[in-house]
Q: 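I have a structure I would like to understand better, so I am pasting it below and will then ask my questions one at a time.
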Amino acid sequence: MPEKTTRRTALKTGLAATIATLFLRPKAGESHQLKKYPKSMGVLVDLGRCVGCRSCEAACNAEQNLPPPERPFTDLDVFAENEHGQQRRTDENRYTVVNRYELAGQEHPLFRKVQCNHCQEPACLSSCFVNAYTKTPEGAVIYDPDVCVGCRTCMIACPFYIPAFRYSSAFSPRIQKCVFCYDTRLKFGKPPACVEACPQEALLFGQREELIKIGRRRIEENSGKYVDHIYGEYEAGGTSWLYLSPVPFDQVGFNTELPHEPILDSVKNFLGIVPMVLTIWPALFAGFHLLATRKEQPRTTSEQGEEESR
Amino acid sequence: MKTLTGVIDHLPISGSNKTDGTSWTVKERLLLGLTVDQYLQQMRRNPLNWLLFAIFAVGLPLLLQRYIFGLGSVTHASNDYPWGLFLGFGLFGMVPLSASGFLLGTTVTLFGRKDFHPIERLALLNGLLGYFFAVVYLAVDLGMPWRLAYPMFVSLGPAAVLFLVAWHVATYLSVQIAELLPALFEWLARPAWKIYIKRITLGLTIAGIILSTLHQGALGALFNYAPNKLHPLWLSIEFQWIHFLCSAVFGGLSMVIVSSTLISTFIPWRCGRDFSENLDKLTLGMAKGASYAMITYLVIKLVALAHDNEWELLLTGWGMYYLLEIGIGVVLPMFLFAKGVRDEAVRPVRIAAFIAVVGIVWNRLNTAIVCFNYQMYQEVPHWKELWLTVTLYALYFVVYRFIVYRLPIVFEWQKSPVRQ
Ligand code: SF4
Ligand code: SF4
């Protein structure tokens, strides 16, 4: 007798699970289409114009109410700072940093500003399991500290090593990263604080599409002065912040090995098998069970009874 | 305890009733039928307890420090290596070693291999505790552990891989609790309650298979988010989830072999006849399963190498390290397993299982820390982080032992007062 119950349960389980999957399916199988943001704003950074004055760092610090830095923003010795052989990076107290690159054959050093690139298909956003990130139509990738759990997957996923974690706090830790001054400026159509502070016009604020055109023109008009590539046009699915450089990008700290596909693409094939496993497994294993236990049936009736009464 | 069971003849407690027919009180059950004095005495006599004590003496204050002054006070607070030992070992290492529950559950319930029954509960317990402690590690590592349930109820990001992990680990944890409740009911002398669980066992088992396939795989797929950070030999976009799933199969089996070996060697008084008599046979059976899984794993690893065309990488320093990991962590135990199965000798199998367990943890640590950011610098965890990791593991050990001592995991609960 008990055998029968089990078999019926097997089928029932299989069925129930299959039905459940039908409802759950959109949940797990859902994947993004590469969205286009026609109105997306951006910034074109011209490494040829930057003089490393760190005004943008100071402006960001003030705008975002970040704690005062250990060394003042006028101190240019910070460029020599180096931890684990790495130049400075964004951390819980700074959303942007400028790094210096002394290159052979260049009469003066080059500077590179680092901050969130506000990807078109942000890896941080797609990896977050509580949807703490939002890509706004204006192009900013913003973050909601009220739902963040602090798993730091977004830091693993960001190909540019941007999000930083406020490790110093036990009670209000959070991700710290540039938000394109969304709440205070971008929302109202104003350029971010760093752009406004730049005395060299090394940072140009505008519509991303426009900036790409301007960039192309600059490359053409000053033939030989720039590398023929706008960094960020395609990298990791494209970014809102774009860069022009007089030297090959890998010499000034850019990762030139990034694929043009968004990071999300590399997890798509796994997400794709999920609905399959959910639908096929129950039936498959219920079937196995029936096959595996049928053989013993006549012989094990007494054993079954024992088993049941244990 | 071993000595005590020798002198006091009503020990150990293996059924609801004492020899005179009255039943054990809960307090007596908790104290293993000893008086408080005897209990403390046997605790003090065991040198292992002193070691554990030393670990906790430093570790618990560190835990407190972590919750008062933040993660940064016990780790290097690295923004380049967001995941350290707590996740690298505690989540990525513990979860594959806990695949035992679903594996033996499947063998016994689904494939009707009743002969594996004596070890099934141990495998389930090993699974349950492994998962539970993976969550404990997570609670230490998460920035806001109090929001652990957010991905379930407050703010859902269903398109993220971690979302799958969170949901599946949580559901699977409840499945495993349900699967083990019968043992608890017996101990509480409420065998009648078991019937409810019995009815849904098969459903639970199948749910276990689905959830395990997906979250073991998902843990691997998490690293797909870092295609440009993790060394290509440790990351195969197409096959990562299969690698993790497949290695969890032999990881889980090996862990049960290790755990059953420890139990039969160090607490023989607790082992039931069914368990002791069948253990060698079952160990060989599991070894066979594990070696098949290992061959499969090696083949998929090769396929991944060929698919991504990474042969040249094998000649680099990283390549050597990779071969070393596979050689020691997989190939060596595989041969030992095969040898043991052929000669019907359990010794090599037990050694192999131990190596395989270390091998899995090594692989996960390599993936999460050593070969992560391979173009940058090597992160070496803060000593406090290491100590805390060990402390949590010690806690896991204590809980594991506590339960094995008491609940009918490796012995049969007797309803009648007579023993033997
Ligand atoms: S640069 Fe990093 S943090 Fe910024 S949007 Fe892209 S993935 Fe997110
Ligand atoms: S740390 Fe916060 S924002 Fe980043 S992935 Fe985790 S929950 Fe999302």
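Labels below follow one simple rule: chain letters A, B, ... track the order of the sequence lines, proteins then strands, and each chain is numbered from 1.
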Q: Can you tell me which portion of A:Leu258 sits under 4.5 Å from chain B's heavy atoms? Options are side chain, backbone, both or neither.
A: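 Just its side chain gets close to chain B.
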Q: So what's closer than 4.5 Å to chain A heavy atoms on B:Phe223: side chain, backbone, both or neither?
A: neither
Q: Under 4.5 Å, counting heavy-atom pairs only, tell me which of B:Leu148, B:Leu230, B:Leu162 racks up the most with chain A.
A: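 The residue among B:Leu148, B:Leu230, B:Leu162 with the greatest pair count is B:Leu162.
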Q: Chain A: which of B:Tyr150, B:Tyr67, B:Trp83, B:Tyr81 shares the most heavy-atom pairs with it under 4.5 Å?
A: B:Trp83
Q: Run the numbers on A:Asp265 and B:Ile237 for side chain to side chain contact (heavy atoms under 4.5 Å, CB included), then give the verdict.
A: CA-CA 10 Å; A:Asp265 277 17; B:Ile237 299 289; over 6 Å; no
Q: Which one wins on heavy-atom pair count under 4.5 Å against chain B: A:Ile175, A:Asp91, A:Ile280, A:Ile156?
A: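 Counting heavy-atom pairs under 4.5 Å, the top option is A:Ile156.
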Q: Just to verify, what does B:Phe69 make a side chain to side chain contact (heavy atoms under 4.5 Å, CB included) with, not counting sequence neighbours?
A: B:Gln65, B:Ser73
Q: Between B:Thr205 and chain A, with a heavy-atom cut-off of 4.5 Å, which part of the residue counts as in contact: side chain, backbone, both or neither?
A: neither
Q: How many angstroms lie between atom OG of A:Ser266 and atom CG of B:Leu235, to the nearest 0.5 angstrom?
A: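 It is 8.0 Å, given to the nearest 0.5 Å.
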Q: Check whether A:Ser169 gets within reach of chain B through its side chain, its backbone, both or neither, counting any heavy atom under 4.5 Å.
A: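 Contact with chain B: backbone only.
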Q: From A:Met276 CE over to B:Leu214 CG, what is the distance, rounded to the nearest 0.5 angstrom?
A: 9.5 Å
Q: With rounding to the nearest 0.5 angstrom, report the CG to CE distance, A:Asp146 to B:Met144.
A: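 Reported value, rounded in 0.5 Å steps: 9.0 Å.
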Q: To check you understand the geometry: which heavy-atom pair defines the closest contact between B:Gln375 and A:Glu257, and what is its length?
A: NE2-OE1, 3.7 Å
Q: Do side-chain atoms of B:Tyr225 reach the backbone of A:Val267 as a donor and acceptor pair under 3.5 angstrom?
A: no
Q: Please classify the contact of A:Cys154 with chain B as side chain, backbone, both or neither, using a heavy-atom distance under 4.5 Å.
A: neither
Q: Provide the closest heavy-atom pair for B:Asp80 versus A:Arg89 in the form atom of the first, atom of the second, distance.
A: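 Scanning both residues completely, I find the closest heavy atoms to be OD1-NH1, 2.6 Å.
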Q: Could you measure the distance from the OG atom of B:Ser78 to the CE atom of A:Met155? Nearest 0.5 Å is fine.
A: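 Interatomic distance, B:Ser78 OG to A:Met155 CE, rounded to 0.5 Å: 7.0 Å.
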Q: Indicate the atoms forming the closest heavy-atom contact of A:Arg152 with B:Leu71, along with that distance.
A: NH1-CD1, 3.4 Å
Q: Surrounding CZ of A:Phe249 (heavy atoms of other residues, nucleotides or ligands, distance under 6.0 Å), is the total greater than 12?
A: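 Buried by this count: over 12 neighbours within 6.0 Å.
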Q: Return yes when atom CD of B:Gln378 has more than 12 non-hydrogen atoms of other residues, nucleotides or ligands closer than 6.0 Å, and no otherwise.
A: yes
Q: Output the distance between atom CD (A:Gln86) and atom CG (B:Asn79), rounded to the nearest 0.5 Å.
A: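 A:Gln86 CD to B:Asn79 CG: 12.5 Å, rounded to 0.5 Å.
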Q: B:Ile206 and A:Phe285: which non-hydrogen atoms are nearest, and at how many Å?
A: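 Closest pair (atom of B:Ile206, atom of A:Phe285, distance): CD1-C, 4.3 Å.
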Q: Is there side-chain contact between B:Leu164 and A:Leu271, with at least one heavy-atom pair below 4.5 Å?
A: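 When only atoms from C-beta onward are counted, A:Leu271 and B:Leu164 do touch, with a gap below 4.5 Å.
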Q: Would you compute the distance between atom CZ of A:Phe171 and atom CD1 of B:Ile68 and round it to the nearest 0.5 angstrom?
A: 6.5 Å
Q: Please report the closest heavy-atom contact between A:Ala170 and B:Arg66, naming both atoms and the distance.
A: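 Smallest interatomic distance, heavy atoms only, reads CB-O, 4.1 Å.
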Q: Would you mind checking which part of B:Pro227 comes under 4.5 Å of any heavy atom in chain A, side chain (CB onward), backbone (N, CA, C, O), both or neither?
A: side chain
Q: Are A:Tyr161 and B:Asn373 side-chain neighbours, meaning at least one heavy-atom pair lies under 4.5 Å?
A: yes
Q: Quick check for you: among B:Leu87, B:Leu222, B:Thr109, which has the greatest number of heavy-atom pairs under 4.5 Å with chain A?
A: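 With the most close heavy-atom pairs to chain A, the winner is B:Thr109.
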Q: Could you tell me which of A:Asp144, A:Leu284, A:Ile273 has the largest number of non-hydrogen atom pairs under 4.5 Å with chain B?
A: A:Ile273
Q: Given the options A:Phe165, A:Phe288, A:Phe270, which has more heavy-atom pairs under 4.5 Å with chain B than any of the others?
A: A:Phe270
Q: Name the region of A:Ser168, side chain, backbone, both or neither, that has any atom closer than 4.5 Å to a heavy atom of chain B.
A: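 For A:Ser168, the contact with chain B is made by the backbone alone.
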Q: Counting only non-hydrogen atoms closer than 4.5 Å, does A:Asn269 touch chain B with its backbone (N, CA, C, O), its side chain (CB onward), both, or neither?
A: side chain
Q: Output the option from A:Asn131, A:Val149, A:Ile263 having the highest count of non-hydrogen pairs under 4.5 Å with chain B.
A: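 Greatest number of close heavy-atom pairs with chain B: A:Val149.
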Q: Anything under 30° is parallel, anything over 60° is perpendicular, the rest tilted; go ahead and classify A:His84 against B:Tyr377.
A: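 Parallel, since the angle between the ring planes stays under 30°.
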Q: Can you see which heavy atom on A:Pro159 is nearest to which on B:Asn228, and at what distance?
A: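 Heavy-atom minimum between the residues: O-ND2, 3.6 Å.
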Q: Given that the side chain runs from C-beta out, which part of A:Arg166 has a heavy atom under 4.5 Å from chain B: side chain, backbone, both or neither?
A: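 Interface part for A:Arg166: neither.
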Q: Could you check which of B:Gly72, B:Ala77, B:Ala160, B:Gly70 has the highest count of heavy-atom pairs closer than 4.5 Å to chain A?
A: B:Ala77
Q: By a 4.5 Å heavy-atom criterion (distance strictly below it), what part of A:Asn255 contacts chain B: side chain, backbone, both, or neither?
A: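 Side chain only.
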Q: Would you mind checking which part of A:Cys128 comes under 4.5 Å of any heavy atom in chain B, side chain (CB onward), backbone (N, CA, C, O), both or neither?
A: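 Contact with chain B involves the backbone of A:Cys128 alone.
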